[in-house]
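A short write-up of the structure that comes next.
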Amino acid sequence: MKLHSPGFEKALRRGVKSRIRSSPELKREYRKAKKAFRGRNNFGWVIRPVWSLVLGLLVWNVSKMTGNFATGLGMINLIMFLSLCLFTPGLLAMLFRASDLPALTLLPVSEAKIFRWELQKFFLNRALFSIMDIGACFIALAILFQFSLAQMVLALACAALSWVMLLALTALCAARLPRLPYQIITTVFFIFGFTLLVGHEVIGRAVLNFFDAAVPVLNLTLPTGWAPSLLKLFLRDGNWLEAALIVPMALVILSIKNSLQFLQSRLTYKEHFVPEVTDQIPGAKADDPSKPRVGITEIEEIIQSRQFLRQNEPTGWFEKRLWQWLNPRERSIVEFAFPKGLAITKPWILVLRNFLLMILIGFTAGILDLTLQYWVFGIGLFITLCQCLVQIWSNGATFRIIFSGGVLIPIYAAYPIAFRELSRTLFKLSIIQLPMFLVYTTASVVLVGRYWGLDFFDSGVLGLKIGFLIFATRFIMTALAFSARSNDTTGFRVRPIALILAFLILGCLFLGLVGGGLLVPNPVLSWVLSLAAVGDAYALFSIYGWFYNANRFDLMSFPKR
């Protein structure tokens with residue numbers, strides 16, 4: 001499939017080269033852009049194999065420390081699950097929010113060709129190289145456990161099957177489960193991984209023992225672990241009952257065609273005609289469709305009295321409390337960030353419902369099997385934690401990227417919204433939800449502490465402390481939200497290097513203070529360290545704000561191919 005004319009491209013290329021040769025300024029710009037483009041491409045080709053090697057070494061070390069082959073397969077399972085959470089939103093963004101879609105819709109090509117073009121870009125830019133990661137993990141296992149040549153070939157076949165399974169699950173999740181919080185799950189994984197990397201001497205062995213015990217259930221529960229589990233069939237102690245996994249795997253792989261057809265059916269371009277609505281006076285209910293339209297005089301009165309600027313108060317108890325706390329400027333920012341309206345009360349009611357449902361199912365399952373109860377509590381707490389983080393870290397549409405004039409910019413940059421006032425509004429949104437979040441963390445730690453043998457009071461205090469520390473990450477996440485939409489960390493200049501070093505130092509200090517606040521037995525010292533961690537998070541945010549307000553960061557970025 002070709003969406004271009006070779007003859008036109010050849011003539012255009014000659015014309016551009018001729019124009020560049022005739023202008024010294026264009027020649028300098030061309031050399032600068034070419035150098036940056038080559039550097040970016042070379043960096044990608046170098047870092048990608050290194051990342052695959054790192055994943056292979058990770059599987060090697062975990063398997064060697066436990067001496068369990070299934071634990072290595074469990075690590076491959078988690079790596080594939082993390083890749084699934086990264087690929088699914090990436091596929092949706094490539095198909096429905098790609099930067100070249102506005103231009104492609106103007107060409108005389110069918111929507112099916114545009115869909116295949118965007119799908120091909122996703123495959124070449126992201127999915128293709130993931131087979132290197134999976135292959136490196138399987139090769140590490142094969143070398144560690146001294147596979148024979150035949151077993152090595154079977155390991156590579158399982159790696160290829162796992163890669164196909166990953167692509168099938170990506171298409172299935174993008175088509176049928178597009179609203180799952182994939183980004184929150186990915187963030188939780190990276191935060192936990194970084195915490196484990198820093199504090200591996202303190203909690204590393206306990207986490208590894210728990211993971212080693214949970215691997216059999218994990219490999220059967222997550223679909224990403226089905227294909228790697230088939231490799232156990234070719235070992236001496238393999239259980240041939242695991243061959244039954246071939247049936248659900250075949251169903252998932254066969255669903256690729258149906259999933260892609262469903263995604264293609266959603267990629268339609270048509271002109272939307274919005275029906276004419278009845279006149280609505282600000283602050284009043286919708287008019288009766290049969291009522292005559294508002295006259296010119298009444299419209300002038302609405303404008304002259306500034307009634308059209310009236311802000312409607314949201315519904316819901318917490319929404320009303322927040323609305324009363326905000327000043328008029330912050331209310332306007334809330335209306336900008338949440339064009340569909342605030343949603344605080346209903347999501348927390350949903351969290352409460354899921355938490356109580358988890359407790360009911362968990363204690364019921366504990367009558368049958370205690371291990372099953374642990375898994376119900378673990379999965380339930382993970383789901384409800386993700387729901388809570390969605391609320392606490394919510395930014396609405398503030399940092400949504402828009403395509404304008406050939407570049408990408410965050411939507412807030414198109415309006416006169418300052419860094420401090422936007423951040424302050426988002427902080428107030430999180431603070432109003434802090435009581436519900438503290439109740440959740442306290443109840444969760446008390447539930448877990450029941451099995452750890454912790455005292456009820458100690459569990460409650462620990463839950464409050466964890467809630468405050470997680471809430472403090474709001475400062476860090478806000479700074480990262482601004483940073484992700486600017487070029488503040490691109491290039492090798494003094495300011496980006498200083499910013500990255502400040503982030504790393506303060507981030508590691510934050511994790512160290514958090515660890516001290518949770519592990520130090522002295523209650524006074526532990527609270528002092530916890531408060532210092534909150535102050536460190538705020539310092540990170542303030543330092544980034546100082547760099548940001550220096551007005552040296554460009555909010556425009558060029559689309560990535």
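Positions are given from 1 along the sequence.
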> Does the ring centre of Phe87 sit less than 6.0 Å away from the ring centre of Phe123?
Replying inline: no
>> Holding to ring pair (Phe, Tyr, Trp, His ring centres under 6.0 Å), I want the full list of residues that pass it with Phe138, two or more places apart in sequence or in another chain.
In response: none
> For Gln183, does the CD atom sit with more than 12 other heavy atoms under 6.0 Å from it, leaving out its own atoms?
Replying inline: no
> Given side chains that start at C-beta, do those of Ile76 and Ser162 come closer than 4.5 Å, heavy atoms only?
Replying inline: no
>> Is the shortest side-chain heavy-atom distance between Lys121 and Asp100 below 4.5 Å?
In response: yes
> Are any side-chain N or O atoms of Ser483 and backbone N or O atoms of Ala479, one a donor and one an acceptor, separated by less than 3.5 Å?
Replying inline: no
>> Students often mix this up, so state it plainly: with edges at 30° and 60°, are the rings of Phe81 and Phe189 parallel, tilted or perpendicular?
In response: tilted
>> When you compare the side chain of Glu421 with that of Glu330, does any pair of heavy atoms fall below 4.5 Å?
In response: no
> Does the pair Phe399 and Ile411 meet the rule for a side chain to side chain contact (heavy atoms under 4.5 Å, CB included), with working shown?
Replying inline: CA-CA 6 Å; Phe399 301 102; Ile411 191 171; over 6 Å; no
>> Is it the case that the side chain of Asn77 and the backbone of Leu73 share a donor-acceptor pair, with hydrogens and angles ignored and the cut-off at 3.5 Å?
In response: no
> Does the gap between the ring centers of Phe427 and Phe475 come in under 6.0 Å?
Replying inline: yes
>> For Arg97 versus Pro89, what's the shortest heavy-atom pair and its separation?
In response: NH2-O, 4.2 Å
> Around Lys428, counting heavy atoms of other residues, nucleotides and ligands shown, do more than 12 lie under 6.0 Å from its NZ?
Replying inline: yes
>> Under the rule for ring pair (Phe, Tyr, Trp, His ring centres under 6.0 Å), what residues qualify as partners of Phe437, not counting sequence neighbours?
In response: none
>> Pair Leu342, Thr315 - check side chain to side chain contact (heavy atoms under 4.5 Å, CB included), show working.
In response: CA-CA 8 Å; Leu342 282 173; Thr315 58; over 6 Å; no
> Tell me, do Thr425 and Arg329 make a side-chain contact under 4.5 Å, heavy atoms counted?
Replying inline: no
> For Leu381, does its backbone N or O pair with a side-chain atom of Thr384 as donor and acceptor, under 3.5 Å?
Replying inline: yes
> Quick one: are Tyr412 and Ile333 in side-chain contact, heavy atoms under 4.5 Å?
Replying inline: no
> Can you check whether Asn219 reaches Val215 side chain to side chain, under 4.5 Å on heavy atoms?
Replying inline: yes
